[in-house]
Amino acid sequence: MSHEGRHGRGRKHREDFDHHDRRRDVYDTPEQKLKLAILKFGEADAEQELPRLAAEIREFDPPNVPVYSEALRLGVVEQPYKIPYYAALLRSLYEPSPPTPEEDGSMSNESPSLGRQILDDLWKGFQAYLDKLAWREVRLCVHFFAHLTVAKVISPQSMLGLLQSFTAVLDEFGVSHGRAKRAAFCAAEGLMRAGQVLKDYSAASVIEMITGIQTYDESTSNAKSLVQPMVFFYRDSPADHIYLKCAVAALKTLDSSDFSEIPSIYPQPYIDAAALTVAQFDLPSVLVPPEVIELDNLATDAGEDALVKKEEWPDLYIRLFENSVTPDPTSPAGYAVRTDLLDIVDIFEVNRKECARLLVEYPKWTIEGTFKPKPGPHDSSERVPIPGRDWELESSVIETILGIQYLLPETRGKPIYYITLITELCKLSPQTVGPAVGKSIRRLYSYLADGLDVEVARRFAEWFSVHMSNFGFQWVWKEWIPDLALTAQHPKRVFVRRALEFEIRLSYFDRVLKTLPEPFQDPSALAMPDQAPGPEYDYDDPATPHHDAAQSVLNQLRGRAKPEDVMSLLESIKNTITETSEGDVNVDSIIRSIAVQSLLHIGSRSFSHFLNAIERYINLLRNLATGGITAGFGGPPSAEAKADILTVAATFWRRNRQMVGIVFDKLMQYQIVEPKDIVKWVFDRRGEDGIEWDLLKGAIDKANGRVVVARKRVAALRKEEDDTRARVKASGGEDVATAMEVENDTKQEEAPAVDSPVLVTALKAFASLTREQKSTLSSVLDGFVESLHAPSSDRPSPAAGEVITEKAWGSRANWGDDEWKSWTTWALYKHFCRAYSPFLKELRDDAFHRILRED
């Protein structure tokens, strides 16, 4: 009985909870439901939903124009593949509603239609996008206006004026490439949709705009060679394309046929609508606002801002497949499809699962026959593919994603987004996406020996390893067994080593080893290391020279002895070795090896152990970096001693290159070594795989990062002092000494403005770090020049400004290790120049001004 009672009370409590929980439910208002219906418009069948949704909007009482326009605006800029259907929806709302018997018909005709009111409010949203220079949203709104022009809702003359305002940007004095490129895309893509109507209105204006876009494109081809994902000698690369040039080519093709192809490229669900009975909408004239230049950044963020402006470079996308498999971006239809796919990938970065779903469903928003149908029982034998199209959707999607991922010098978003997006696509449709991914991997692998850029090859290895880790590391490695006969420095061999190294980082050595065929498991194949990554303490073996001395140091470090005591022990060991050694022995190097390896050994258990060891014995490390080993701390740093420390660290972690980079980074962070020390070490010790770019990049980024931080601190302190002076001045000068004393403790009432001690110190630190940065960059330049001109074989070394060419060195098929090393060094030098071009430009300008002063 009591048992049932307990259950009865439990049911009652649950019912009470459910009742209160229902009271807390938030229900959508009718306006919110209508807004959601507009945003989800077309998910089932857009043409069937159109009249029902238009009627629902008209019948809503009272009409809420801001809600309608906001929903349409969000739909346009967040779901661009629906733009033709949103144009059809607005076209159906543009006609005034027929008056009811109770209404006065004349008054109804005099009031603006619901569609005109919505369009007027939409224009205000477009103007807000334009004022903020939100270029993607502006471009997609232009698409919408272009479709409305074809639907005869917007007047051709006003649409033509809007597009001319974008082409006017190309003629601005000193216009940046990013600004001009984006304005050109707005004008070009607007013409691609409304060109037929606009050319009928004014053919001369259309031709003038196309000529202006083409002229600008031809004037910006100088930077192409730096950002090509493929390098072909003596001919243009067929495996990549500049997107602005593709837009020009597609536009000229349309113009040659008077834009008659447009209906077969873009859906036009509004085309059969009856003629409007009301006046067309005239878009107001606009001027594209200038770029915002913050005065505070002119002297403070020149290098940092330039680094993040990826749009200043031409967009070169790599091609993987033939035009019969994926869209040709130079054709009007191919450009339209490629642009839609690029926009979907870009917009839905916040939700990769939704992005994958939309990419798989994209064909329903295109003209039938654009893509091959999915294999299955629903295939129609009556289907007629469009000549020149009938592309493979999955291959097109993968090629588009990889094209964005391999943009140079940097990709648009986070690389991990594109990697996980491909993973989601494989999970969503493994039977169709999986083969496309496999074909893409094989094509990229074949490009490795044909000039694939070294940075693209690195990203390819990173994607390959992560993708394999998501699918059990299963790959058809036996296809690549014949490539093990290639020379060790061949790009395919280097790719295999790097990819397997990345796979081991993501899993376990033994697990990855079991997935490989026997030829790859053999250490002589130089594909897999002979043992798992880990530390190599050279003094573990009792037979090793100086084993006892190293153990005594190791025991002291394990016992957390004071740095002074460890240093005294090292000096005692030094004296012993000096007395017992014969011949010319660098005793200081031996002591550094014992000390640094022992310190790394106690820190090898985990990352936290390593940091604790470094922080506890930071003074010991700084003393080891001086010219001699003494019990007393102090002394000037020694380049030889720093090189010894770096060599010992690299030797200790020789089976784990990732840890080498981590140790080097911490040594720079604690100022045991400087970035230029690592630069010199990298170029002096080129390993089997050539220049260690990861270590070099870490040193450069550290030097640049310190300058950026110091620059921001100077800007913040200066702004703080300027604000203080402004407040004192605004107060009428009363009690000036007291006010400034509170802020700086150094100000007097009538004294001229003087920088505070804090700001002076920050300025000195900034100047010092800037000199170090320039010294680091100069060291990198010198290192590349010396490496490229150092003869490493019987082949001639390249002259100044010359690249490694097949004309000078023969066919790549006959290149050996020396030739491939030289080619890789040249490719890394090119990547260094494009990745750090803002800093190099600043370095060049300083050198130029210095020469002028000397003259």
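You'll find the ring centres of F185 and W135 outside the 6.0 Å limit. The ring of Y86 has its center no closer than 6.0 angstrom to the ring center of F144.
Between the side chains of E399 and T326, at least one donor N or O sits under 3.5 Å from an acceptor N or O. Judged purely by distance below 3.5 Å, without hydrogens or angles, the side chains of T253 and S256 never pair a donor atom with an acceptor atom. No side-chain donor-acceptor contact under 3.5 Å links Y406 and D453. Side-chain atoms of Y362 and S396 include no donor-acceptor pair closer than 3.5 Å. A side-chain donor from one of Y335 and E189 sits under 3.5 Å from a side-chain acceptor of the other. Between the side chains of Y216 and H177, a donor-acceptor pair is found at a separation under 3.5 Å. One side chain, D328 or T330, offers a donor N or O that lies under 3.5 Å from an acceptor on the other.
Classified by interplanar angle (parallel below 30°, tilted 30° to 60°, perpendicular above 60°), the ring pair W480/W475 is tilted. Ring geometry for F784 versus W693: interplanar angle of 30 to 60°, hence tilted. Taking the six-membered ring for Trp and thresholds of 30 and 60 degrees, Y836 and F832 have ring planes inclined between 30 and 60 degrees apart. Note on ring orientation: taking the six-membered ring where Trp is involved, the planes of W463 and H467 are tilted (angle from 30° to 60°).
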> Would Y266 and T366 satisfy side chain to side chain donor-acceptor pair (under 3.5 Å), going step by step from the backbone distance to the final call?
Replying inline: CA-CA 7 Å; Y266 303 100; T366 62; over 6 Å; no

>> S822 vs T825, test: side chain to side chain donor-acceptor pair (under 3.5 Å). Steps then yes/no.
In response: CA-CA 5 Å; S822 297; T825 302; 5.9 Å; no

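Put simply, the side chain of H831 does not reach to within 4.5 Å of the side chain of K697, judged on heavy atoms. Within the 4.5 Å cutoff, side-chain heavy atoms of L163 are placed close to those of M209. Taking the side chain as every heavy atom from C-beta outward, V454 and W823 approach each other to under 4.5 Å. Side-chain contact between M159 and V142 is present, with heavy atoms from C-beta onward closer than 4.5 Å. With a 4.5 Å cut-off on side-chain heavy atoms, I318 and Y447 count as touching.
Between the side chain of R443 and the main chain of L320, a donor-acceptor pair closer than 3.5 Å is present. Under a 3.5 Å cut-off, the side chain of E354 and the backbone N or O of N351 do not form any donor-acceptor pair. Within the 3.5 Å criterion, the main-chain N or O of A194 finds no donor-acceptor partner in the side chain of K199.
Relative to the ring axis of F41, K82 does not place its NZ or CZ within 45° and under 6.0 Å from the centre.
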